[in-house]
Amino acid sequence: MTAPSEDTAGDVNDTTDTDDTTDADGSEDTNDWDTTAYDGSHSFVYEYGSDVVELLDPQPDERILDLGCGTGHLTDRIADACAEVVGIDQSAEMIETAREAHPDRQFVRADARDFDAEEPFDAVFSNAALHWIHEQDDVIDAVAEALEPGGRFVAELGGTGNVGSIVGAIQAELDARGYEPPTEPWYFPTVGEHATRLEDHGFEVRYARLFDRPTELEEGENGLAAWIEMFGDRLLGPVPESERGAVVSAVEDRLREDLYDDGTWTADYRRLRFVAVLE
């Protein structure tokens, strides 16, 4: 399948507003994704997603939607199983990079909370995307609308306590400097919380697991700072640019004993993985 040149394709219609500057959680979008860094020093995001593709177990001739596809590498792996797959993402930068990297695959810029599937899918897949969206009921509604009856929703997202040490250190440093720490930008649910949401929208949860996944960060001594710049920048919201370097250095000092060893930072990831079937 050839990727479309426009933001509207035959399987999923673009529901984004090109002038919209809000993120999926409704907050002001301050995160222009650096897709080169995302695919480089932060490639663990999609590399760990290979296990979720195995859980999906895509079959020949299935129609699968990759929700929050990022730069498209897992979309491509799903398509290798001979499945018909469409990747969607709200980020224009991500979709542009995905189309360049995988020109034979189909990618559409669309909002996970409100997208239109012209034909139903057999499965919806998502890796490391759902936790960016607080409006989970809207997402689950959209997924249910996109699935065939009996279709499956297979995903991994951050779970309760994910990067808790990093978040706690940043909040403590901001508080010590007299800043009000901003609201966390993520949705990190418990198993019970997310399973209940899925059941409330007509899904039967067949599998759900919360687990620790300590994740080594690349870039050596600079690994934690690079992670904060890529994923945790909003946690520094009230801090002026001129002070952010000092804040990050102080956060590193707070975490060094627990998260830094032999030249490598390790982020305290916790993941929630699930399989749910639309009844």
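Given the structure is predicted, the values throughout are model-derived calculations rather than measurements. Positions are given from 1, in the same order as the sequence printed here. These numbers come from the heavy atoms of this one structure, side chains and all, not from hydrogens, waters or symmetry mates.
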Step-by-step side chain to side chain contact (heavy atoms under 4.5 Å, CB included) determination, Leu147 to Val124: CA-CA 7 Å; Leu147 281 172; Val124 173; 3.8 Å; yes

Residues Phe188, Val163; criterion side chain to side chain contact (heavy atoms under 4.5 Å, CB included); working and verdict: CA-CA 10 Å; Phe188 293 150; Val163 295; 4.1 Å; yes

Verdict with supporting geometry, Leu272 and Glu156, side chain to side chain contact (heavy atoms under 4.5 Å, CB included): CA-CA 6 Å; Leu272 190 145; Glu156 181 178 300; over 6 Å; no

Derivation and outcome, side chain to side chain contact (heavy atoms under 4.5 Å, CB included), residues Val247 and Leu174: CA-CA 8 Å; Val247 170; Leu174 264 60; 3.9 Å; yes

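Under 3.5 Å, the side chains of Gln171 and Tyr179 contain no donor-acceptor pair of N or O atoms. Side-chain contact of Asn162 with His131: a donor-acceptor pair under 3.5 Å is absent, judged by distance alone.
Salt-bridge annotation for Arg270 and Asp212: present, with a side-chain N of the basic residue lying under 4.0 Å from a carboxylate O of the acidic one. A salt bridge does not link Glu252 with Arg254: every distance from a Lys NZ or Arg NE/NH1/NH2 to an Asp or Glu carboxylate oxygen is 4.0 Å or more. Between Asp89 and Arg109 no salt bridge is recorded (no basic side-chain N to carboxylate O distance below 4.0 Å). At a threshold of 4.0 Å, the pair Glu243-Arg177 counts as salt-bridged, since one of the basic side-chain nitrogens sits closer than that to a carboxylate oxygen. Arg271 has no carboxylate O lying under 4.0 Å from a charged side-chain N of Asp51, or vice versa, which leaves the two without a salt bridge.
A cation-pi geometry, defined here as NZ or CZ lying under 6.0 Å from the six-membered ring centre and within 45° of its normal, holds between Arg213 and Tyr48. Within the cation-pi definition used here (under 6.0 Å to the ring centroid, within 45° of the axis), Arg99 does not qualify as a partner of Phe107.
Separation of atoms CZ (Arg209) and CG (Leu55) is listed at 10.5 Å; rounding is to 0.5 Å. With values rounded to the nearest 0.5 angstrom, His134 atom NE2 is found 11.5 Å from Arg113 atom CZ. The line from CD of Glu279 to CD of Glu204 is 5.0 Å long, rounded to the nearest 0.5 Å. The OG atom of Ser249 lies 14.0 Å from the CZ atom of Arg244; values are rounded to the nearest 0.5 Å. Distance check: Gln106 CD to Thr75 OG1 gives 11.0 Å after rounding to the nearest 0.5 Å. A distance of 9.0 Å separates CG of Asp261 from CD of Glu216, quoted to the nearest 0.5 Å.
No continuous path of ILVMFWY side-chain contacts below 4.5 Å connects Ile140 to Val277, so the two sit in separate hydrophobic clusters. One hydrophobic cluster, built from ILVMFWY side chains closer than 4.5 Å, holds both Tyr187 and Phe203.
The nearest pair of heavy atoms linking Leu65 to Phe121 is N-CD2, 3.6 Å. Nearest heavy-atom pair, Leu217 versus Gly223, reported as atom, atom and distance to 0.1 Å: CD1-O, 3.7 Å. Contact between Phe115 and Ala110 at its shortest, heavy atoms only, is CB-CB, 4.1 Å. Gly87 and Ile95 get closest at one heavy-atom pair: O-CD1, 4.4 Å. Nearest heavy atom pair, residue Pro214 against residue Thr266, reads CB-CG2, 3.7 Å. Of all heavy-atom pairs between Pro58 and Ile64, the closest is CB-CD1, 3.5 Å.
Here the side chains of Val143 and Leu67 are in contact, with some heavy-atom distance below 4.5 Å. Using a 4.5 Å heavy-atom threshold, the side chains of Asp141 and Asp114 count as separate. Within the 4.5 Å cutoff, the side chain of Phe125 has no heavy atoms near those of the Val85 side chain. Contact annotation: the side chain of Gln59 approaches that of Glu62 to within less than 4.5 Å [non-hydrogen atoms, C-beta and beyond]. Looking only at side-chain heavy atoms (C-beta outward), Val154 and Phe274 stay at 4.5 Å or farther from each other. Counting heavy atoms from C-beta on, the side chains of Ile228 and Ile170 come closer than 4.5 Å. In this structure the side chain of Val248 reaches within 4.5 angstrom of the side chain of Leu236, judged on heavy atoms. Contact annotation: the side chain of Phe153 approaches that of Leu198 to within less than 4.5 Å [non-hydrogen atoms, C-beta and beyond].
For Asp268 (side chain) and Ser165 (main-chain N/O), a donor-acceptor pair under 3.5 Å exists by modelled atom type. Between the Arg105 side chain and the Gly72 main chain, no donor and acceptor come within less than 3.5 Å of each other. Side chain of Trp265 to backbone of Glu221: a donor-acceptor contact under 3.5 angstrom is found.
Heavy atoms of other residues, nucleotides or ligands lying less than 6.0 angstrom from CG of Asp200 number more than 12. By the neighbour-count criterion of 12 heavy atoms within 6.0 Å, atom CD of Glu145 is sparsely surrounded, having that number or fewer from other residues, nucleotides or ligands.
Each of Leu235, Leu157, Leu130, Ile133 was compared with Trp186 under the side-chain contact (heavy atoms from CB on, under 4.5 Å) criterion, and only Leu235 meets it.
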